[in-house]
Colleague: 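Please find one structure pasted underneath; my questions will follow.
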Protein chains: 2
Amino acid sequence: MRKTMNGGRRAPKIGDVARAAGVSVATVSRALSAPDKLKSETREKVMAAVAELGYTPNSVARQLRVGSSRLVLVIVPRRTNPPFFSEVLHGIDVTLAEAGYVLITGYMEGREHDLRLIELAASGHVAGLLTISGELPRAPGRSILDAGLPAVAVCADPKVDGLPAVLLDDERAAAMQVEHLLSLGHRRLFYVSGPAGNYNEVTRHRGIVRAIEKAGLGRNALVEHRGDYTFAGGVAGADAYLALADRPTGVVCGNDESAIAFVKTVRAAGLRVPEDLSLIGFDGIELADFCEPTLSTIAQPRFALGATGARLLVDLLAGADRADLLPRSGKILMQGRLLARDSSRAAN
Amino acid sequence: MRKTMNGGRRAPKIGDVARAAGVSVATVSRALSAPDKLKSETREKVMAAVAELGYTPNSVARQLRVGSSRLVLVIVPRRTNPPFFSEVLHGIDVTLAEAGYVLITGYMEGREHDLRLIELAASGHVAGLLTISGELPRAPGRSILDAGLPAVAVCADPKVDGLPAVLLDDERAAAMQVEHLLSLGHRRLFYVSGPAGNYNEVTRHRGIVRAIEKAGLGRNALVEHRGDYTFAGGVAGADAYLALADRPTGVVCGNDESAIAFVKTVRAAGLRVPEDLSLIGFDGIELADFCEPTLSTIAQPRFALGATGARLLVDLLAGADRADLLPRSGKILMQGRLLARDSSRAAN
DNA sequence: ACCATTGATGTAATCGATTACAGAAGCTGT
DNA sequence: ACAGCTTCTGTAATCGATTACATCAATGGT
């Protein structure tokens with residue numbers, strides 16, 4: 001099989017350009033990477049030959065020689081919320097591109113497959129790593145960090161000790177959910193949580209409890225129900241809510257997906273939102289603005305989370321000192337934004 | 001800056017392994033790529049040293065030497081439906097991994113950024129290309145195909161002449177929408193289309209018209225409204241529908257998103273689905289099963305589309321003859337599947 | 001007129017693997 | 001014991017760029 005298909009011509013190499021321009025390969029290389037070291041006359045001669053032949057440097061060879069790559073591998077878990085992460089990826093991509101890097105995504109699927117990602121990282125192709133779930137591919141006796149690549153976690157508490165992270169200030173954001181409902185006059189709240197032990201859940205739960213304490217309400221102002229951030233979990237939460245004798249008028253959901261399921265379920269049971277109960281979600285997904293009624297929620301700064309994480313990695317790759325970029329905790333917290341929409345209104 | 005962080009040790013090279021095992025570099029290389037050419041005793045000695053040192057071959061060097069890569073670049077347009085494509089990507093990823101390739105995704109953002117992708121392809125890092133929108137990054141005077149990489153389009157009509165493609169049989173699928181509603185006894189249909197000129201729209205429209213003709217109904221059995229596959233387009237379509245004096249009882253939507261918007265809008269106007277009108281969407285997105293009422297639709301075989309496209313590329317990369325893998329049209333068509341749910345029922 | 005200095009370019013070593021070829025070792029049959 | 005094989009392993013060329021160092025020309029100062 002021919003290696004190239006464009007008319008049988010093989011890709012031009014630096015030597016071809018040198019010959020065409022009547023100079024040495026060193027001069028061609030310099031024309032491309034350090035143009036001001038050349039006499040402008042020579043430079044133009046080389047550039048003309050480059051354009052003429054359609055030369056693109058073979059960056060595999062370049063990488064082998066200089067030992068550094070312009071590729072950043074972003075680890076994306078398979079089981080995740082695509083609309084949410086697509087916007088985070090966008091922020092990462094734009095930031096990396098501005099800094100001259102190329103984003104490549106590696107999906108974590110499972111054991112055998114993930115080994116491939118570890119090898120990719122160890123193989124010298126990749127300059128740095130980002131993970132958007134806090135997790136990294138693992139294999140028995142091997143870690144993707146063995147290769148010594150700089151790495152940053154975005155949007156999640158890193159499962160790896162000491163990994164720098166950029167994430168939402170979950171405690172504050174959850175407090176904002178509570179404060180919103182309390183400010184509307186609701187005095188008792190129902191909470192559909194995330195899965196037990198989950199970092200987001202633990203942190204947000206703390207924010208909720210503290211906000212209630214701070215408002216001077218007792219612990220019985222909060223009725224909790226264990227959810228799991230899924231649609232089905234929202235349905236189950238609503239069923240539990242409907243079964244209560246004395247229902248709180250405010251509902252805090254762990255995310256928008258379960259909030260939408262909650263609304264759908266209580267409406268099917270004859271309750272009206274927001275007339276009978278006010279509800280607030282978490283995440284700010286697109287759908288939250290399309291559903292009926294539109295959903296009050298806390299929007300995560302998705303683009304900014306990705307962009308900030310990527311910026312941090314780029315600075316690390318440039319050799320900046322970790323201590324100069326990060327607080328001692330190793331975590332940069334970003335703030336959520338309250339979107340007050342139709343699913344919440346003043347208690348009567 | 002130190003290159004590695006794992007205690008200052010640099011990554012072991014093939015020479016280090018050779019020394020540790022007391023053999024030559026050629027033997028180490030063979031132990032890894034052609035184990036049966038070695039005496040088992042030697043092989044085990046080498047493998048022990050490999051494990052001991054935690055050696056991973058530098059695939060940048062390998063690639064430079066052998067001239068072939070195991071990376072496949074998947075071109076993903078930024079403006080696209082993430083939940084839909086994430087499942088397609090999954091199919092691609094699994095298939096490529098089985099064949100020993102690694103998937104990397106490149107997002108198309110716009111001119112300057114896309115140039116980076118062209119350079120990545122020309123740089124020797126990449127073995128082959130997949131596009132999931134039919135489009136490829138372009139820059140003045142350059143095409144990503146100049147590098148001569150094998151390429152395949154999935155899920156879309158290729159905008160590039162002669163690019164092999166794997167896509168849905170849109171004409172048949174659209175005909176299935178019509179047949180479903182006709183079989184339920186609806187005799188007049190309202191159609192919320194996709195944007196004018198769009199390949200999917202043109203092809204599906206043909207399927208709809210032919211299905212109606214085949215049923216012996218006249219052209220006036222179909223009322224058409226120009227949509228654009230968005231939520232807002234669905235709202236506008238519903239408004240047009242509501243303004244009709246004599247409303248058809250069957251509604252065909254170009255996709256699920258606009259179908260959901262349509263339902264929401266007509267219900268707000270007091271109509272009931274499916275009591276007053278039956279409706280069918282297109283795509284089979286998750287949400288179609290969560291909304292109220294659950295949406296009848298045509299599910300695209302998303303995983304299979306990705307897997308089949310990736311399989312095709314892998315075969316091409318292995319040197320298979322294009323003519324042996326593809327029909328003369330250059331397109332492999334896959335069938336949609338009817339999901340009859342609550343939004344459609346027998347006409348009364 | 002000559003040496004020192006600067007600037008521009010060329011020569012060749014280098015990155016870390018793969019692999020053609022050569023050479024060594026072990027067998028077999030006579 | 002030796003030619004003729006086979007089987008295994010080692011030596012060194014190679015992939016295409018970058019870059020340290022060498023070379024050469026031009027310039028300036030005295």
Side-chain angles (χ1 to χ4, degrees), chain A residues 3-4 9-47 49-50 53-70 119-120 122-127 147, chain B residues 3-4 9-47 49-50 53-70 119-120 122-127 147:
Chain A
K3 178 120 181 296
T4 61
R9 267 175 307 140
R10 63 169 175 61
K13 313 162 203 270
I14 196 169
D16 301 328
V17 177
R19 205 168 316 114
V23 298
S24 75
V25 294
T27 301
V28 175
S29 178
R30 280 190 280 253
L32 263 27
S33 57
D36 37 344
K37 285 192 172 180
L38 298 187
K39 218 159 52 178
S40 61
E41 185 193 354
T42 321
R43 190 190 327 134
E44 275 152 29
K45 222 164 40 177
V46 174
M47 289 315 202
V50 166
L53 298 177
Y55 170 71
T56 302
N58 180 321
S59 80
V60 172
R62 170 177 201 287
Q63 226 171 277
L64 176 59
R65 179 60 231 254
V66 307
S68 84
S69 135
R70 314 260 19 167
E119 281 170 355
L120 180 62
S123 71
H125 279 290
V126 171
Chain B
K3 176 115 184 296
T4 62
R9 266 176 308 140
R10 61 169 178 61
K13 314 162 201 273
I14 197 169
D16 301 328
V17 177
R19 204 168 317 114
V23 298
S24 75
V25 294
T27 302
V28 175
S29 178
R30 280 189 280 254
L32 263 28
S33 57
D36 36 345
K37 284 190 169 179
L38 298 187
K39 216 157 57 174
S40 59
E41 185 193 353
T42 321
R43 189 191 327 135
E44 274 152 30
K45 223 167 33 180
V46 174
M47 288 315 201
V50 166
L53 298 178
Y55 169 71
T56 302
N58 179 320
S59 79
V60 173
R62 170 176 202 286
Q63 227 172 277
L64 176 59
R65 179 60 232 254
V66 307
S68 84
S69 137
R70 315 280 339 175
E119 280 169 357
L120 180 62
S123 71
H125 280 290
V126 171

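Protein chains get the first letters and strands the later ones, always in sequence-line order, with residue 1 at the start of each.
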Colleague: Would you say the side chain of B:R62 and the base of C:dT18 hold a donor-acceptor pair, judged only by whether the two atoms sit under 3.5 Å apart?
Modeller: no
Colleague: Of B:A61 and B:G22, whose closest DNA chain D nucleotide lies nearer the 5' terminus?
Modeller: B:G22
Colleague: Roughly how many Å is it from CD in B:E44 to P in D:dT9, rounded to a whole number?
Modeller: 12 Å
Colleague: Among D:dC8, C:dT19, D:dG16, which nucleotide sits nearest the side chain of B:K39?
Modeller: D:dC8
Colleague: With a cut-off of less than 4.0 Å, is there a side-chain N or O of B:T42 near OP1 or OP2 of D:dC8?
Modeller: no
Colleague: In whole Å, I'd like the distance from the CZ atom of A:R19 to the P atom of C:dT11.
Modeller: 13 Å
Colleague: Within this structure, what is the CZ-to-P distance between A:R65 and C:dA12, rounded to whole angstrom?
Modeller: 16 Å
Colleague: Please say which of A:T42, A:V17, A:L38 ends up in a side-chain contact (heavy atoms from CB on, under 4.5 Å) with A:V28.
Modeller: A:V17
Colleague: Give one of base, sugar-phosphate or nothing for B:V23, where a contact means two heavy atoms less than 4.0 Å apart.
Modeller: sugar-phosphate
Colleague: Between CG of A:L32 and OG1 of A:T56, what distance do you get to the nearest 0.5 Å?
Modeller: 9.5 Å
Colleague: Tell me: CG of A:D36 to P of C:dT9, nearest whole Å?
Modeller: 13 Å
Colleague: Just do the side-chain contact (heavy atoms from CB on, under 4.5 Å) check on B:L120 and B:H125 with the steps written out, would you?
Modeller: CA-CA 7 Å; B:L120 180 62; B:H125 280 290; 4.2 Å; yes
Colleague: Classify B:S33 by what it touches in the nucleic acid, base, sugar-phosphate, or nothing, heavy-atom distance under 4.0 Å.
Modeller: nothing
Colleague: Take atom CD of B:E41 and atom C1' of D:dT7, then tell me their distance rounded to the nearest Å.
Modeller: 14 Å
Colleague: At 4.0 Å (heavy atoms only), tell me whether B:S29 reaches a base, stays on the sugar-phosphate, or touches nothing.
Modeller: base
Colleague: Among the nucleotides C:dG10, C:dT18, D:dT18, which one has an atom lying closest to any side-chain atom of A:S24?
Modeller: C:dG10
Colleague: Look at the side chain of B:T27 and decide which nucleotide, out of D:dT18, D:dG10, C:dT11, has an atom nearest to it.
Modeller: D:dG10
Colleague: Check the distance between D:dC15's P and A:N58's CG and give it to me in whole angstrom.
Modeller: 12 Å
Colleague: Can you check the A:R43 CZ to C:dT9 C1' distance for me, whole Å?
Modeller: 14 Å
Colleague: Measure the distance from NZ on A:K45 to P on C:dT9 and round it to the nearest whole Å.
Modeller: 8 Å
Colleague: Map A:V25 and A:K37 onto DNA chain C by nearest heavy atom, then report which one ends up closer to the 5' terminus.
Modeller: A:K37
Colleague: Testing the basics here: between A:S33 and A:P35, what is the closest heavy-atom pair and its distance to 0.1 Å?
Modeller: C-CD, 3.6 Å
Colleague: Should B:K13 be listed as having a side-chain N or O under 4.0 Å from OP1 or OP2 of C:dG16?
Modeller: yes
Colleague: For the pair B:R19 and B:D16, find out whether any cationic side-chain nitrogen is under 4.0 Å from an anionic carboxylate oxygen.
Modeller: yes
Colleague: Ignoring backbone atoms, test whether A:Y55 places a side-chain nitrogen or oxygen under 4.0 Å from the OP1 or OP2 oxygen of D:dG16.
Modeller: no
Colleague: Give the minimum heavy-atom separation between A:A61 and B:L64, together with the two atoms involved.
Modeller: CB-CD1, 3.8 Å
Colleague: Any donor-acceptor pair, under 3.5 Å, between the side chain of A:R30 and the base of C:dG10, if you only look at N and O atoms?
Modeller: yes
